[in-house]
Every structure is written in structure tokens, then in C-alpha cells.
Amino acid sequence: MSATTDTDYLHSMRHSSAHILATAVMRLWPEARLGVGPVVENGFYYDIDIPGVTVSEDDFEAIEAEMKKVIAEKQEFIKSTKSIAEALSWSKNNKQVYKEELLNDLKRAGTTVAKDLDPETLGMSSEESRVSEVTFYTNGDFTDLCRGPHVESTDKVGAFKLMRIAGAYWRGKDTNPQMQRLYGVAFATEKELRIYLEMLEEARKRDHRKLGAELDLFVFSDLVGQGLPLWTPRGTALKNELDRFVQELRDEVGFEQVSIPHITKKELYEASGHWAKFKDELFRITTREGHEFAMKPMNCPHHTQIYASQPRSYRDLPIRYRDTTMVYRDEQSGELGGLSRVRGITQDDAHIFCRTGQVQQEVLKLWDIIEAFYMTTGFTELSYRLSTHDPERMDGYSGEPAKWNETVEQLENILKSKVDTNYYVGVGEAAFYGPKIDFMAKDAIGREHQVATIQLDFNQPEGFKLSCTNEQGEEERIVMLHCAVMGSQERFLSVYIEHTAGKFPVWCAPEQIRLLSVNQEDTTLYFVESLRQQGKKLGLRITADNSNESVGKKIRASEMSKVPYTIVVGEKEIATSEVTPRIRSDMQVQEAVAMKIENFLKSVANEAASRTTHSSM
RNA sequence: GCCGACAUAGCUCAGUGGUCAGAGCGGCUGUUUUGUAAACAGCGGGUCGUGGGUUCAAAUCCCUCUGUCGGCUCCA
């Protein structure tokens, strides 16, 4: 058997590892109550609840030792079938209250009522629940409600490692009690496990929070507050350069920049529908006269008011507004982390007001912008999600189901025309006002991140009565498209920093060239300064390190700051006006090693302007 | 928000009930005038995150708050 290549078998290995974990836990804490123990990406977990006991990572050694014993015992996994009644008495006898709850749901409703937990996770298929029978697996003296499949015996599980412990709500509902979730990773071989752990180590090294501090891009302050990053000059340069690129792409297809205040009367959000759905997540402000305002959590309602400020002819459409600006959302404190999730979010937002018949052409233009941006930033692998409403739970969405189906179809046709079947449908992932196409980018170490989005909105035009006068002189309802290319700039930067490991291409690097003086003599310092001025004139971000340190040390500092070009300036350069720049190792090797300084600076400036130096990742 | 862990100098960390709390790097000053990844010396720098409690004695034990991390829940 080729255990290492068979993904189904790997799935079984991981699932069996979860059972071995549970076996070990039950041996160490016989009073433990078990929740569910499914396979997840790269491993498995098991939810446990031990009355009066909090398991900690210090217990991992003992648990892993016990797991190894179970493995050494080569216990066979034996499948059996029980009726619901038998299963219930089993759960009662073993004081497995969580299993009992699942079984009771099955008995009462004939299915697991909780939509939020996949029946497969619980170890039973819907067919099985209909026939009121469930399967069990037994290894040694441990028996568990489980659909399987498993490996033949406990010694066939491969390599695993317990990773962490975390709280998790029973059945994923925040009104339920919390259990302790023990996470493990598992692979067919020790080698694959080691490779995975090395990948984690690599991810840790390029963590944007670490690099953000090391490269002096952004900071947080306890006084300012959680989730409110402060951008340093270097970080701001990077962020602005990326935004400038997006806006140039947009302007080529007719976008116009607008700008809006950051607060608004609450009436705006009552009309847009946001108040009803998100009022608890708004930062709210009461004026001294008692009027209620809110920090804007999004920009589209403001933009609608620019559109609505005058009568529009069909001849004016599409009208395209762009606006890179911050929105504010009172996210729960526990959700915040680095730049990935913040309370002040910079969106490179854009809205198109157009007729229904113009949707396709406009979406395709947006698609091109997104593609150009992500190819240039070195995310060469994009994937696509059609985010739709959930027909079975329409209470969270505005508008008629028929209209939803129509708009979903409209977006789906565009997706098909662009990528054939290379997309997936995210049911229930739509915005409350309309379906969207979400873009996912794969980073340099294989992780996927949601980035850009194109959203089709027929609800806000309705709420704000947005229309144009058509060819027949009638008022015609229009639709809106929402599009963010970076999405949240903070989140994009978190992904981009980790993708590049801080080695930004020349065009957006916070510092493009660093000049290093070999000594402190006046002639050297004067020459360095004149080079810096020349570079500035060419629009380069160029700095000078004139400190009284060894050249070796200054080079090291420049390397660690990941500056693309480092130029040592001393007698030789002054005499010949030629430089041999030190080029950051990930970049393409330049053909000319020694170049006239003037030409070199010009060539860097051109390179920066043309955005041709992609990330090498 | 919930569960758990954590918080010592600008950074990385040592110190777990007992004299004035330590190291390396960074910073500053001096010497040196340096040639492609760390010259040498000296000097600063911390009411041990905050507020309370236990104790003869707290960085060390307990509680509160703030923040960070790992998850859960949420995500326009």
C-alpha cells in the first residue's frame, strides 16, 4: 500500500490519530467528556471537557507519551453498528453528555438540527440518521461514536505532534459552553511532518508583526488603542506607492476621485440598511445637541449621496468614483491581530453607478485591474469564489429572492466567461446587499488569503432611490458595483509583507537606495550628499548612512533593512564617478556591474516607474 | 466578547519569595577613518505592563484592569 501518497488514507490516519488522542485523554482523565474529533487541514483536533480540570500545554508531554503507548499496543480499529436507543444508553452509561446531546437531536429530529455542525463531523451521514442507526469504532477499551473510516490499527497512524490547546464553543455557538480543543498535526511520515514544521518556522520568521517592527513600517500604541496601527514614514511610503498603482490602473478606465467626511448622521445608515444589521459594531457619537452620529463603517452610502446630488442621464453612466479612505468598525477585541484585523481600516474603495446592462463590461474592467495589480505584486496564483446568499436563510439579506437569483446568475456568467469552471461557490458568503466575486491569492509559502472583491448591489440603489433618465425619458433604477482591489490595505499589507518577507520590489520599497560613506571626510560627505540630491530629483527614495561605523557594519544594517540597492561611496567612486551597487540577493542581476552614477540613478528611477521588478517569489 | 497562555531596558531574553534587578544587540560619548553582512573602550537606560491584596519580605504568590499571542464566535 502506498500510504504516503493516498490522501484518503492520510485522512484516515489523521482521524485515527484523533481517536488515539481521545483514548489517551480518557486514560489520563477517565471523567473527561468528549465533544467531536474531526480531521482538519494538516491534522486533527479533539474537543474535550474535563470537570474541574484545565488541560494545559504542559500536559502535552504526558498525553503524547500515552498516545505512543496506545500506538505501541497495536490496537485494532473495529467498526460496529448500534441503534439510536443502544447508542443513547451507551452515552448515558459512559457519562458522555455531549454525545448524548447529539444522539438526542438525532432521535428527536431525525437529523442533527444544528446546521452549524456538519453531520459528517459528528460521524454519521444523513442516510444513517434516517435509518436511526449510527456507527461506532472501538480500539482497545476506547469506543467512540464515529463514521470512520480508520486505519487498520493504532500503529498505522504515521507521524503526529500536539500543537496547541484552545477554547472552542460546543457546536460552534457562542451561547454554548466552551470546551478545550486539542490540536495536533499529522502526516504519513516523519519527514513530511518535519517539512510542515519547517514551513511553520518560515511563516514565523516572516510574520508581518515581526517584520513590521524590524523594518519600521508600523507601530501600535497602548494609548491609541487596539487595532489602530500607526504608519511610520517608511510604511506610509510603501502603502502610498501601492495605492498609487491601484489608482493609476483605475484612472485608465475612467474613475474619478472623490472624498467624504468620516462621520455621518445615523439616518444615512438607516436608509442604506446598515443600521439594522450592524448598529452594534458602529463607533457611535452623540453631539452636544443630542443628535446621533456614527464613524463611517463603509463608504458606499456617502458615495450614493454624491450620485444622488443631481439628476443623471443614462448618457452619464457609468459614473465611477474611487476613494481610498478609512472606515471604522468596533470589532470584538479578541478578533484583532496585527494588521490582519483592525478597527481603523483603510479601503481602496470604488463604486460604479451603472445600468443593469452595463454590469458585465464594468466587472470585466475591474477584473483586469485586479489581475494587473496581483500579477505585478507577484501573486501569480489567484482563485475565485462566487459568494452568494443562502436561499434557506434569507433573513440576513435585503431584497427579493428572485432578484438575488438573477444577480447571482449575472456574476456567475461573468465568472464562467473568465475562468470557466475554475471557481467555487460560497453559499451564505454574500454581502447583505448583494452577491460578490471574491479573489483569493496564494502567497509564497502556499497559504491562501482573501484579497480583492467585486460586489453587485441592487439594494442600496433601491434604498436611496438612485436612478437615471433613460432613452424613453423614464426614471430607471440603476445598480451599483463595489470594488476594492487591495481590500483592506492593512490586511493586504499583512499578506504582502509575509509574501515578500519584507523584500519589496524597487518600485514600492520604502527605501530604494542607501548610500554608505566609507569615511567622514568632507569630500566624501559632500559627494554623498550630492548623490542623494540627484536621486531625490529623480523621485527616488534614497538615504545616506554617514555614521562613523565600519563599512561592513553599515552594509549589514542595509541588508537587514532589505534595501534593494546599497552603494558604497569612497575615494574610488569620487575619482571615477562609477558605482558597483550591491544588489539585494532576491533581485534580478543587473547586467552592468559598474555604471556611471548618473546613469545608474536614472536606471533605478526608470525601473521604479515601470514596476517591472516583480517580487521574485 | 469567550477559553487558555503570556507581559522584566528601544529589541531579544536571563532572573520564580530574601542584599542596591542582569546580559547581548541598539542608543549616546570617545578613540579609530574604515572598501561590501557586526572595530575598540566608556556611559547612560528598567518604580519588573497597571491598580490592589497576601507576607517580616514580592519581578517572583492571589485578584483587577490594559495589552500581546493561540483558538472559538463574528466579519459590510
Side-chain angles (χ1 to χ4, degrees), chain A residues 40 45 47 49 54-58 116 163-183 204 207 209-210 213-214 216 219-227 269 272-282 296-301 327 329-338 340-342 345 347 349 387 396-398 429-434 436 450 453 455 457 459-460 482 484 487-488 491 516-521 524 547-561 566-573 579-583 585:
Chain A
V40 292
Y45 67 78
D47 284 346
D49 173 28
T54 304
V55 178
S56 81
E57 285 173 18
D58 297 338
D116 36 61
M163 296 299 286
R164 65 179 75 95
I165 198 152
Y169 295 108
W170 166 235
R171 304 181 92 169
K173 289 189 77 140
D174 60 4
T175 48
N176 281 343
Q178 275 197 317
M179 307 186 71
Q180 289 197 283
R181 179 166 295 176
L182 274 56
Y183 279 97
R204 204 186 57 75
D207 188 317
R209 293 167 295 204
K210 183 173 176 284
E214 284 174 8
D216 189 24
V219 295
F220 288 91
S221 155
D222 281 5
L223 287 174
V224 174
Q226 269 192 295
Y269 296 131
S272 69
H274 290 94
W275 191 264
K277 197 167 163 64
F278 294 114
K279 66 170 182 293
D280 292 337
E281 284 130 79
L282 298 178
K296 66 181 160 84
M298 54 177 359
N299 309 307
C300 33
V327 298
R329 298 175 186 176
D330 185 10
E331 308 284 6
Q332 299 186 86
S333 56
E335 295 160 346
L336 301 169
S340 312
R341 192 80 177 268
V342 291
I345 305 157
Q347 291 183 330
D349 213 355
S387 297
Y397 305 97
S398 303
E429 298 283 346
F432 77 89
Y433 46 70
K436 41 183 192 165
Q450 192 187 321
T453 181
Q455 312 178 350
D457 179 2
N459 273 298
Q460 291 193 71
H482 309 236
S488 146
R491 194 185 49 204
L516 307 183
S517 68
V518 168
N519 54 44
Q520 318 303 122
E521 283 157 25
T524 312
S547 61
N548 182 10
E549 297 288 354
S550 66
V551 172
K553 187 161 183 172
K554 294 206 267 193
I555 286 187
R556 184 177 143 84
S558 188
E559 287 283 344
M560 293 207 300
S561 297
T566 303
I567 304 176
V568 176
V569 179
E571 278 173 33
K572 205 175 74 190
E573 286 73 21
V579 288
T580 308
R582 190 181 164 99
I583 303 168
S585 62

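Keep in mind it's a predicted model, so treat the numbers as computed, not measured. Chain letters run A, B, ... following the sequence lines, proteins first, then strands; residues in each count from 1.
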(message) Does B/U66 have OP1 or OP2 under 4.0 Å away from a side-chain N or O of A/Gln226?
(response)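 Indeed not, no polar side-chain atom of A/Gln226 lies that close.
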(message) For a quick test of reading the model: is some side-chain N or O of A/Lys572 closer than 4.0 Å to OP1 or OP2 of B/U36?
(response)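 No, outside the criterion.
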Same-atom distance ([atom1]) from [N] to [M], integer angstrom:
N	M	atom1	answer
B/U54	B/C72	P	41 Å
B/G17	B/C13	P	23 Å
B/A59	B/C65	P	23 Å
B/G45	B/U31	C1'	23 Å

(request) List for me each residue that meets side-chain hydrogen bond (donor to acceptor under 3.5 Å, both in side chains) alongside A/Tyr433, sequence neighbours excluded, and say none if there are none. (result)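 Only A/Gln455 meet the side-chain hydrogen bond (donor to acceptor under 3.5 Å, both in side chains) criterion with A/Tyr433.
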Sort me out a list of protein N/O and nucleotides 42-49 of chain B N/O pairs below 3.5 Å, or just none if empty.
none

(request) For nucleotides 28-34 of chain B, just jot down a letter per nucleotide in 5' to 3' order: B, S or -, based on protein non-hydrogen atoms under 4.0 Å. (result) ---BBBB
(message) At under 4.0 Å between heavy atoms, how does the protein contact nucleotides 70-76 of chain B? Give one character per nucleotide, 5' to 3', with B, S or -.
(response) BBBBBBB
(message) Pairing check on B/C2: which nucleotide meets the Watson-Crick or G-U wobble criteria with it, both distances under 3.5 Å?
(response)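 Pairing partner: B/G71.
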For [X], check side-chain contact (heavy atoms from CB on, under 4.5 Å) against everything at least two apart and list the hits.
X	result
A/Val551	A/Val518, A/Ile555, A/Val568
A/Tyr183	A/Tyr45, A/Arg164, A/Ala166, A/Arg181
A/Asn548	A/Gln520

Integer-rounded Å distance: [N] [atom2] and [X] [atom1]:
X	N	atom1	atom2	answer
A/Leu223	B/U68	CG	P	13 Å
A/Met179	B/G4	CE	C1'	15 Å
A/Asp49	B/C2	CG	P	18 Å

I'd like a table of atom pairs between the protein and nucleotides 9-12 of chain B - only N or O on both sides, under 3.5 Å - with the distance next to each one.
none

(message) Quick one about A/Asn299 and A/Gln347 (side-chain donor to acceptor, distance below 3.5 Å, no hydrogens or angles considered), yes or no?
(response)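 Yes, A/Asn299 and A/Gln347 have a side-chain donor paired with an acceptor closer than 3.5 Å.
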(request) Indicate whether the side chain of A/Asp457 and that of A/His482 have a donor and an acceptor atom separated by less than 3.5 Å. (result)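 Side-chain D/A pair, A/Asp457 to A/His482: present.
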According to salt bridge (charged side-chain N to carboxylate O under 4.0 Å, His left out), who are the partners of [X], at least two apart in sequence or on a separate chain?
X	answer
A/Lys277	none
A/Lys210	A/Glu214
A/Glu57	none

For [X], answer base if it contacts any base atom (sugar-phosphate contacts may also be present), sugar-phosphate if it contacts only those atoms, and nothing otherwise; contact means non-hydrogen atoms under 4.0 Å.
X	answer
A/Glu573	base
A/Gly338	sugar-phosphate
A/Thr524	nothing

(message) One thing to verify: whether A/Glu429 and A/Lys436 come together as a salt bridge, which I'm taking to mean a side-chain N less than 4.0 angstrom from a carboxylate O.
(response)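 Not counted as a salt bridge, because no side-chain N and carboxylate O are separated by less than 4.0 Å.
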(message) The criterion is ring pair (Phe, Tyr, Trp, His ring centres under 6.0 Å); which residues satisfy it with A/Tyr169, sequence neighbours excluded?
(response)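 Per chain and number, A/Tyr169 pairs via ring pair (Phe, Tyr, Trp, His ring centres under 6.0 Å) with no residue.
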